[in-house]
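Just so you know, these numbers come straight off a predicted model, no measurement behind them.
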Amino acid sequence: MQQLQGMDASFVALETRNSPMHIGSILIYNPETAPGGFVRFKDILSFIESRLQLSTTMRQRLVRVPFDLDYPYWIEDPDFDLEYHVRHVALPEPGDWRQLCIQAARIFARPLDLDRPPWEITVVEGLDNVEGIPKGCYAYITKVHHSAIDGMSGIDLMEATHTLRPDQPPPDTPDNWKPEKLPSPVELLGRSYMSAITNPMKQLEVAAKAAPGLAKALKGLAAKDFDVSTEMIAPKTRFNRKISPHRVVEGVSVPLADIKAIRAAAEGAKVNDVFLAIIGGAMRRYLDDKGELPKKTLTAMAPISVRAKDEKNAMGNQVAAMIAPLGTHIADPVERLAWVHKRTMNSKAMTDALGARNMTEMSKASPALFMALGAQLYSRLSLANRGVGPVFTTVVTNVPGPPIPIYSAGARMESMMGLLCLTDGLGLGHVVQSYTDEATIAFTADREMMPDPEFYRSCIEQSFEELREAGKTVGKSASKPSTETPNKPKAPRKGATKPAEKKRAAPANKKTPAKPAAKKKTGTQGTKGVASRKKAAPKGKGTSKS
């Protein structure tokens, strides 16, 4: 038995019917690299079964302490059934991208059964009308409870279900896994009694570890190494209220090279700053179209991994967070990027001063009973609708993917797009992810708050194109010899994309071509996306068969 820690337990406590606390992805595979050019469902089952020993997560289930008096425990599930966790469905004709997103949203909206290992993979075939994807491709829609993994340990789980070569054999070491007996309520209550005795000592230990970080933060604030401003508290939007049980998912794929090139538009900007500026521009467009754009900037919570190298395959979450203003009050895309970079540097300095690891450790000393009661009251009293809740507007989590192609059951992964859990007060979340030479910007949203996900997708596309073109303009200007005197101040930069800012995005009810999140060629210039370079498989091959 292994007990959950504070942050992991909080995801269990926050679990409700409207707010299932799992994360996941849409993964698309091309079976042309598999033997015979196709993959059967039983091949996928056999492949996963042969690699279960590589994952800590896949055969462990939760056991909750009666009355939530203590944190839950992980045990090896005595009733593990692989075929419960791996399902198989097919899209109806025509099998396009929008249908896949709708199916993914429906599956993702359903809570996991926490009396079983908290993960599912749904194999979806029938992707026969997705632009850039050869006929016969299929998808995995994955779900894993957030108490078991964070973004980085999720990559470890992907390693357990994928190989570096299509013909890589299964592990040659014996699988020594053994199930455990379910503990009795009396045993669990006895353990909770011992935890209650030792918890005050843990709290003192955490406080002692946190004290140097707090002192360093106060010293940094006094020395103006960073500042604490009202920009870090976001105004309330349509996404910051009690959520419904319904979801929408969508996403956009762009060339990773373009994201890296955009960094040159603002001195010192990082890849994550570019993603934040693109999302800031998209949210600006979306809310402006609704007549709901606040004058003050919106903010994002950006998770930071504090997972050590020796914790690579450990279960649970090792993350801290920083608040990243999105610059939604700035129309000019290059000015927005420069401003976002400046504010994220400020947030990083503050997080470093406090100590990201200490911030994670502090959550481990929270009493389990108070955590569970607080989570339930927050939901039942609809406190999110009363302005009580997150100080940020959305979440933007950056998950680096493999830089080389990977395979599952012999099929080559063509694309990956992340999905995120939502909670009251937080009805929109983004996952930015890289895989080989593509980058995806995906979002999960409450359907009641965002009934038009295709429109928001177009807002992301336009924000990216706007920033890319503006970056090119800045680059050309920088390459020309300067005719100004060295000390003469430069005129304020004219908005390189003001016409694009004034131009309205497509109306919410306008149908846009259904395109895959990770296969879409964005814009009319620049490097083509991954999908556009793939040749379609010959007819009659590549179909996933059950």
Side-chain angles (χ1 to χ4, degrees), residues 23-29 97 101 130-133 139 151-152 154-155 158 249-266 269-283 300 302-303 305 324 326 333 336-337 340-341 344 394-406 412-420 429-444 453 456-472 515-534:
I23 58 179
S25 55
I26 299 175
L27 311 173
I28 298 178
Y29 298 89
W97 170 248
C101 285
V130 177
E131 183 178 328
I133 299 295
M152 296 307 295
I155 294 296
M158 286 196 64
V249 301
E250 257 288 4
V252 173
S253 173
V254 298
L256 182 59
D258 282 1
I259 295 292
K260 293 179 177 179
I262 290 171
R263 293 178 299 175
K270 309 296 183 185
V271 166
N272 205 46
D273 298 329
V274 175
F275 283 124
L276 290 169
I278 291 171
I279 291 168
M283 294 192 73
S305 176
L326 294 172
R336 186 189 313 121
L337 175 59
V340 165
H341 170 62
T344 53
T394 184
V395 172
V396 179
T397 180
N398 189 342
V399 182
I404 59 174
I406 57 176
R412 181 180 63 243
M413 185 195 290
E414 297 286 333
S415 175
M416 60 194 308
M417 186 180 100
L419 306 175
L420 204 60
H430 303 80
V431 179
V432 296
Q433 202 158 26
S434 61
Y435 173 59
T436 61
D437 57 354
E438 77 166 358
T440 54
I441 305 172
F443 61 89
T444 308
Y456 185 56
R457 184 190 70 186
S458 74
C459 291
I460 296 175
E461 292 171 347
Q462 292 177 60
S463 180
F464 164 74
E465 291 168 1
E466 179 184 63
L467 188 53
R468 181 182 61 182
E469 296 307 312
K472 289 178 180 178
K515 298 183 180 181
K519 301 299 160 193
K520 181 174 172 56
K521 174 184 172 185
T522 305
T524 58
Q525 301 177 21
T527 306
K528 292 183 178 180
V530 176
S532 61
R533 296 200 299 275
K534 306 291 182 185

Check: Would you say the side chain of F443 lies within less than 4.5 Å of the side chain of I460, judging by non-hydrogen atoms?
Finding: yes
Notebook entry, point to check: Between R412 and E414, is the closest basic N to carboxylate O distance under 4.0 Å?
Noted result: yes
Margin query: Checking S463 now: which residues fulfil side-chain hydrogen bond (donor to acceptor under 3.5 Å, both in side chains) with it, not counting sequence neighbours?
Written below: none
Checklist line | Heavy-atom pair with the smallest gap, counting every atom of H341 and A269 | finding: ND1-CA, 3.7 Å
Check: So L27 and M417, side-chain contact (heavy atoms from CB on, under 4.5 Å) or not? Walk me through it.
Finding: CA-CA 7 Å; L27 311 173; M417 186 180 100; over 6 Å; no
Note to self: Contact between S25 and M416 at the side-chain level, heavy atoms closer than 4.5 Å - yes or no?
What the structure shows: no
Next item on the list: Taking all heavy atoms of L420 and all of G429, pick out the closest pair and write down the distance.
Entry: CD2-CA, 3.7 Å
Note to self: Test side-chain contact (heavy atoms from CB on, under 4.5 Å) on R457 and V252; report intermediate values, then the result.
What the structure shows: CA-CA 7 Å; R457 184 190 70 186; V252 173; 3.2 Å; yes
Notebook entry, point to check: Going through the distances and angles, do W97 and I28 end up as a side-chain contact (heavy atoms from CB on, under 4.5 Å)?
Noted result: CA-CA 11 Å; W97 170 248; I28 298 178; 4.1 Å; yes
Check: Going by heavy atoms in the side chains, are P405 and T436 under 4.5 Å from each other?
Finding: yes
Checklist line | Contact check, side chains of V254 and E461, non-hydrogen atoms, under 4.5 Å | finding: no
Margin query: Counting C-beta onward and ignoring hydrogens, is there a side-chain heavy-atom pair between I26 and L419 closer than 4.5 Å?
Written below: yes
Notebook entry, point to check: Are the side chains of I262 and F464 in touch, meaning some heavy atoms are under 4.5 Å apart?
Noted result: yes
Check: How far does CD1 of I441 sit from CD1 of I259, to the nearest 0.5 angstrom?
Finding: 5.0 Å
Notebook entry, point to check: Could R468 and E465 be called an ion pair, given the rule that one side-chain N must be under 4.0 Å from one carboxylate O?
Noted result: no
Checklist line | Approximate separation, where rounding is to 0.5 Å, of D273 CG and R336 CZ | finding: 13.0 Å
Note to self: If the condition is ring-ring contact (aromatic ring centres under 6.0 Å, His included), which residues does H430 pass it with, not counting sequence neighbours?
What the structure shows: Y456
Item checked: Pair T440-Q433, side-chain donor/acceptor within less than 3.5 Å -> no
Item checked: side-chain contact (heavy atoms from CB on, under 4.5 Å) partner of L276, the single match among V396, V271, V432 -> V396
Check: With sequence neighbours left out, what residues match A265 under side-chain contact (heavy atoms from CB on, under 4.5 Å)?
Finding: V334, L337
Item checked: Nearest atoms (heavy-atom pairs only) where L326 meets A300 -> CD2-CB, 3.9 Å
Next item on the list: First locate atom CG of N398, then atom NZ of K270, and finally report the distance between them rounded to the nearest 0.5 Å.
Entry: 13.5 Å
Note to self: Please give me the minimum heavy-atom distance between A442 and G418, naming the atom from each residue.
What the structure shows: CB-O, 3.4 Å
Item checked: Distance, nearest 0.5 Å, that separates CD of E250 from OG of S458 -> 10.0 Å
